Asks: 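Supplied in structure tokens, the structure appears directly below.
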Amino acid sequence: MNAEQILGGLNPEQRQACEITEGPLLVLAGAGSGKTRVLVHRVAYLVGTCGIPPEHILAVTFTNKAAGEMRERVEKLLGPEAGGILVSTFHSTCVRILRRDVPHLGLSRSFAIYDESDSLGTVKEALRRLDLGPKQFEPRRFRWRIDQWKNAGVLPARAVDTAVDLDAKRSAAVYATYQKLLEEQNALDFGDLILQTTELFHRFPEVLAWYRRRWQYVLVDEYQDTNRVQYRLVKQLTDEHRNLCVVGDPNQSIYGWRGADVRNILEFANDHPDAKVVKLERNYRSTRPILDAASAVVSHNPGPRAELWTEREGGDPVRLYEAVDDRDEAQFVVRQIATAARDEGRAYGDFAVFYRTNAQSRSFEEALLELDVPYAVVGGVRFYERAEVKDALAYLRALLNPADGMALRRILNNPPRGIGKATLERAEIVAQEEGTTLLRALRRLGDDPAGGRSAAKLREFLALFDALAEEVAELSPPEAIARVLDRTGYLEHLQRQATPESEARVENLRELLTGAGDFDAANAGQGPDERSSLELFLDQVALVSDLDAYEGRADRVSLMTAHTAKGLEYPVVFLVGLEEGLLPHAASTRDAGGIEEERRLCYVGMTRAMERLFLTCASERRRYGSRTFSVPSRFLSEIPRELLQGGLASTRSLRDEGMEPALDYSLDQSDADDALRPGLRVRHPIFGTGTVMERIGAGASQKLRIRFDRVGVKTVLVRFANLESAS
DNA sequence: CGGTAATTCGTTTTT
DNA sequence: CGAATTACCG
């Protein structure tokens with residue numbers, strides 16, 4: 001194929017990004033500048049024009065969805081030849097490597113992949129072994145810390161060595177114990193998938209050499225989101241041939257909390273002195289007002305500002321709606337959608353609502369249901385995380401990897417079979433004392449002739465387990481699931497309950513069965529892999545997220561977090577909950593870096609909009625069941641007035657939007673300021689309960705004088721006080 | 001041991 | 001407000 005066939009439709013910069021095939025290349029791709037397009041065409045160019053064998057190319061993304069999309073588009077350009085190119089996520093790529101070479105590290109190829117809850121369970125077990133009560137030592141905090149260590153590429157030994165204070169020492173000890181437990185269970189957590197791969201490459205250069213020969217051209221998408229270990233992994237793979245192309249946008253770095261380090265992209269040029277840099281600054285997605293407003297927000301961050309331009313002129317101004325409360329906010333959004341759908345003939349799929357936290361989806365769901373507007377919540381409670389689905393999968397995991405203690409624990413007495421927590425505790429002690437797996441400990445207890453009733457129950461379970469282990473090995477994923485659900489009595493137990501919930505669960509299991517069937521069918525032509533279809537299925541469910549399964553549908557409004565929205569675009573976007581404490585989120589306002597990341601998140605959300613962008617905030621919202629007050633986000637005041645329609649602190653209501661208020665609206669109609677009137681009883685997180693005496697100022701600087709029951713009169717800034725209604 | 005009732009607890013974002 | 005742990009009784 002000649003170059004023109006592949007690069008024909010690209011602009012000069014995009015074209016350049018494809019044509020610089022050798023050596024390190026950094027592509028700075030602003031929002032909506034055709035980043036995916038470049039990746040796709042670059043890969044096609046490498047294979048189609050330069051004649052690089054497809055097997056020599058590795059393209060790494062963060063989500064399976066991005067990988068799938070890219071694969072599809074490359075295939076469209078190249079045809080079947082594209083099949084040899086590996087387009088995969090960091091995690092899937094590493095699983096692939098480890099499934100092949102992990103024995104070097106002393107683990108078995110059948111290792112389990114622990115998700116967050118398995119991992120948390122293992123932390124709890126580690127805490128038990130270290131005699132640290134979960135009351136004062138929160139498992140979640142340790143898990144988080146361990147995760148950060150893993151993201152930074154720190155192994156337990158180094159964590160122990162570098163720990164100075166007692167707290168760090170304790171965390172490092174938990175980390176070490178945790179890692180030992182994982183090893184005993186023949187399991188790796190998410191962080192390990194990358195970390196252990198770099199460890200493998202580090203300790204076994206001959207293994208690394210093999211992969212270096214294999215992947216001579218490496219591309220990394222969303223490079224601004226890479227963490228230290230991922231950086232290290234990429235470096236290991238490309239240090240020799242140096243054919244590395246990274247694509248990203250520092251302004252869209254929103255995963256710092258997960259260990260991502262923007263410096264990876266900011267310092268790429270320093271890191272590779274001979275690197276070429278291409279900037280994509282032409283935006284093809286959004287109208288001018290949207291672009292200007294988004295740029296205005298993010299330009300409040302230090303560093304070079306986002307330079308994006310568009311040829312598109314005109315376009316609606318960005319609209320701001322200040323709602324009374326979360327309900328009002330949701331009703332406003334849904335009414336806008338319903339009206340636009342009716343009057344402009346827009347499909348529901350043209351609309352998306354982005355929020356900061358998953359919990360916010362609720363009020364929108366309620367409002368959408370009320371008006372019969374079809375919608376899809378993306379993310380949130382994931383399918384594979386539902387209890388019944390996890391149970392079914394836990395059976396398969398335990399059967400395939402008998403060392404998998406977390407899976408075994410889950411299924412041991414599920415359905416109830418007379419093996420209670422006393423037995424489990426005894427088994428755990430045996431396992432710990434003899435340094436063996438939970439399953440072996442259970443066998444030991446079962447073999448005890450003096451074990452009485454519980455030993456008999458154990459023998460019964462173990463017999464079933466062993467029989468199933470043999471059967472399941474030969475079965476396809478859907479067959480295996482069906483067999484397990486049937487033989488264990490799990491399904492029967494569920495059906496016997498005959499409650500609405502249990503029926504929903506049965507339905508979910510059916511869905512799982514269907515999903516497993518689809519997977520099997522899609523994988524049927526793969527030829528005799530070393531690994532069974534069932535094993536591949538379990539890998540897939542461990543690494544797949546809800547977003548990956550999400551197909552943008554033309555007939556549904558999409559609801560998701562701003563994080564999930566990255567990489568997507570919609571004609572009409574609502575970015576909601578723009579309040580201090582929410583966006584920026586209170587947990588991120590500790591340091592400047594946190595605020596800057598929130599600002600970028602806001603930018604990401606705004607730049608998803610193609611034609612029309614709405615920003616909303618509410619002065620009052622329900623949180624934890626009780627009412628909390630808030631003031632508009634600082635990000636709103638960072639947008640120049642002239643770009644906004646509907647100013648702050650205005651008392652615009654639905655009526656101003658040319659719509660009738662909802663029937664039951666009158667109750668909520670009270671102005672936000674009225675809610676904080678003198679006499680109101682409030683609760684302050686530190687000062688406790690008190691009575692509002694006086695209101696001082698308005699907007700972001702609004703203060704209240706409050707007489708607190710315990711500490712007397714104080715003046716607090718509403719914006720930071722996180723007041724709740726105490727009545 | 002198993003199920004239910006009571007209580008406590010917490011929310012950021014996720015591969 | 002809901003999930004998730006704990007308390008308690010049959």
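Below, read A as the first sequence line, B as the second, and so on, with proteins coming before strands; counting in each chain starts at 1. These numbers were taken from a predicted model, which means no experiment stands behind them. For the numbers below, each heavy atom of this structure counts, side chains included, while hydrogens, waters and symmetry mates do not.
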Asks: When you measure from the side-chain N and O atoms of A:Asn64 to the phosphate of B:dT15, is any distance below 4.0 Å, counting only OP1 and OP2?
Replies: no
Asks: Mapping A:Leu424 and A:Leu601 onto DNA chain B by nearest heavy atom, which one lands closer to the 5' end?
Replies: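 Closest to the 5' end, via its nearest nucleotide, is A:Leu424.
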Asks: Please check the phosphate of B:dT15 (OP1 and OP2 only) for any side-chain N or O of A:Asn227 closer than 4.0 Å.
Replies: no
Asks: Would you mind telling me which of A:Asp192, A:Thr122, A:Asp404, A:Asp189 makes a side chain to side chain donor-acceptor pair (under 3.5 Å) with A:Tyr114?
Replies: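 Only one option passes, and that is A:Asp404.
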Asks: So A:Trp149 and A:Tyr175, would you call those rings parallel, tilted or perpendicular, with 30° and 60° as cut-offs?
Replies: parallel
Asks: Could you tell me how far apart A:Arg623 (CZ) and C:dG2 (C1') are, to the nearest whole angstrom?
Replies: 16 Å
Asks: Nearest to the side chain of A:Thr564, which nucleotide is it out of B:dT15, B:dT11, B:dT14?
Replies: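 Nearest to the side chain of A:Thr564 among the choices is B:dT14.
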Asks: With a 4.0 Å limit, can you tell me whether A:Thr423 has a side-chain N or O closer than that to the phosphate oxygens OP1/OP2 of B:dC1?
Replies: yes
Asks: Give the rounded distance in Å between these two atoms: CZ of A:Arg496 and C1' of B:dG2.
Replies: 13 Å
Asks: Rounded to whole angstrom units, what separation is found between the CG atom of A:Asp221 and the P atom of B:dT15?
Replies: 15 Å
Asks: Please pick, from B:dC1, B:dG10, B:dT13, the nucleotide with the shortest atom-to-atom distance to any side-chain atom of A:Glu138.
Replies: B:dG10
Asks: If you only use heavy atoms from C-beta on, which nucleotide in B:dT15, B:dT11, C:dT5 is closest to the side chain of A:His91?
Replies: B:dT15
Asks: OP1 or OP2 of B:dT11 versus the side-chain N and O atoms of A:Arg140: is any pair under 4.0 Å?
Replies: yes
Asks: When rounded to the nearest 0.5 angstrom, what is the spacing between CG in A:Leu193 and CD1 in A:Ile97?
Replies: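 These two atoms lie 10.5 Å from each other.
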Asks: Let's see if you can work this out: which of B:dT14, B:dG10, B:dT13 has an atom nearest to the side-chain heavy atoms of A:Thr357?
Replies: B:dT13
Asks: Go through B:dG2, B:dT14, B:dC1 for me and flag the one nearest to the A:Tyr255 side chain.
Replies: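 The nucleotide sitting nearest to the side chain is B:dT14.
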Asks: Could you check A:Arg622 against A:Lys421 and say which one's nearest nucleotide on DNA chain C is further toward the 5' end?
Replies: A:Arg622
Asks: Give a yes/no verdict on base stacking between B:dT15 and A:Phe90: centres under 5.5 Å, planes within less than 30° of parallel.
Replies: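 No, A:Phe90 does not stack on the base of B:dT15, since the centre distance and plane angle fail the 5.5 Å and 30° test.
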Asks: Go through C:dT5, B:dT15, B:dG2 for me and flag the one nearest to the A:Lys124 side chain.
Replies: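 The answer is C:dT5, which lies nearest to the side chain.
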Asks: Do NZ/NE/NH1/NH2 and the carboxylate oxygens of A:Asp391 and A:Arg410 come within less than 4.0 Å?
Replies: yes
Asks: A:Thr561 side chain N/O closer than 4.0 Å to the phosphate oxygens (OP1, OP2) of B:dT14?
Replies: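 Indeed, a polar side-chain atom of A:Thr561 lies that close.
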Asks: Any side-chain N or O of A:Asn358 below 4.0 angstrom from OP1/OP2 of B:dT11?
Replies: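 No, A:Asn358 has no side-chain N/O under 4.0 Å of OP1/OP2 on B:dT11.
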Asks: Name the nucleic acid region contacted by A:Arg417, choosing base, sugar-phosphate or nothing; use a 4.0 angstrom heavy-atom cut-off, strictly under.
Replies: sugar-phosphate
Asks: To the nearest Å, give me how far apart CH2 (A:Trp144) and C1' (B:dT11) are.
Replies: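 Distance check: A:Trp144 CH2 to B:dT11 C1' gives 15 Å.
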Asks: OP1 or OP2 of C:dG2 less than 4.0 angstrom from a side-chain nitrogen or oxygen of A:Arg362, does that happen here?
Replies: yes
Asks: Between atom CD in A:Gln148 and atom P in B:dT14, what is the gap in whole Å?
Replies: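 Nearest whole value for this atom pair: 16 Å.
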Asks: Here's a test of your reading of the structure: between A:Asn413 and A:Trp257, which maps to the more 5' nucleotide of DNA chain B?
Replies: A:Asn413
Asks: Considering every strand and a 4.0 Å limit on heavy-atom distances, what is the contact class for A:Ala562: base, sugar-phosphate, or nothing?
Replies: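 Nothing: the residue A:Ala562, judged by heavy atoms under 4.0 Å, touches no strand.
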Asks: Across the strands shown, which category fits A:Ile419 at heavy-atom distances under 4.0 angstrom: base, sugar-phosphate, nothing?
Replies: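 Contact class for A:Ile419: sugar-phosphate only.
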Asks: With a 4.0 Å cut-off on N to O distance, would you call A:Glu366 and A:Arg327 a salt bridge?
Replies: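 Salt bridge between A:Glu366 and A:Arg327, a charged N being under 4.0 Å from a carboxylate O: no.
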Asks: So which nucleotide from B:dG3, B:dG2, B:dG10 ends up closest to the side chain of A:His493?
Replies: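 Looking only at heavy atoms from C-beta outward on A:His493, the closest nucleotide is B:dG3.
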Asks: Going by distance alone, is a donor N or O of one side chain under 3.5 Å from an acceptor N or O of the other, for A:Ser630 and A:Glu579?
Replies: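 There is such a pair between these side chains.
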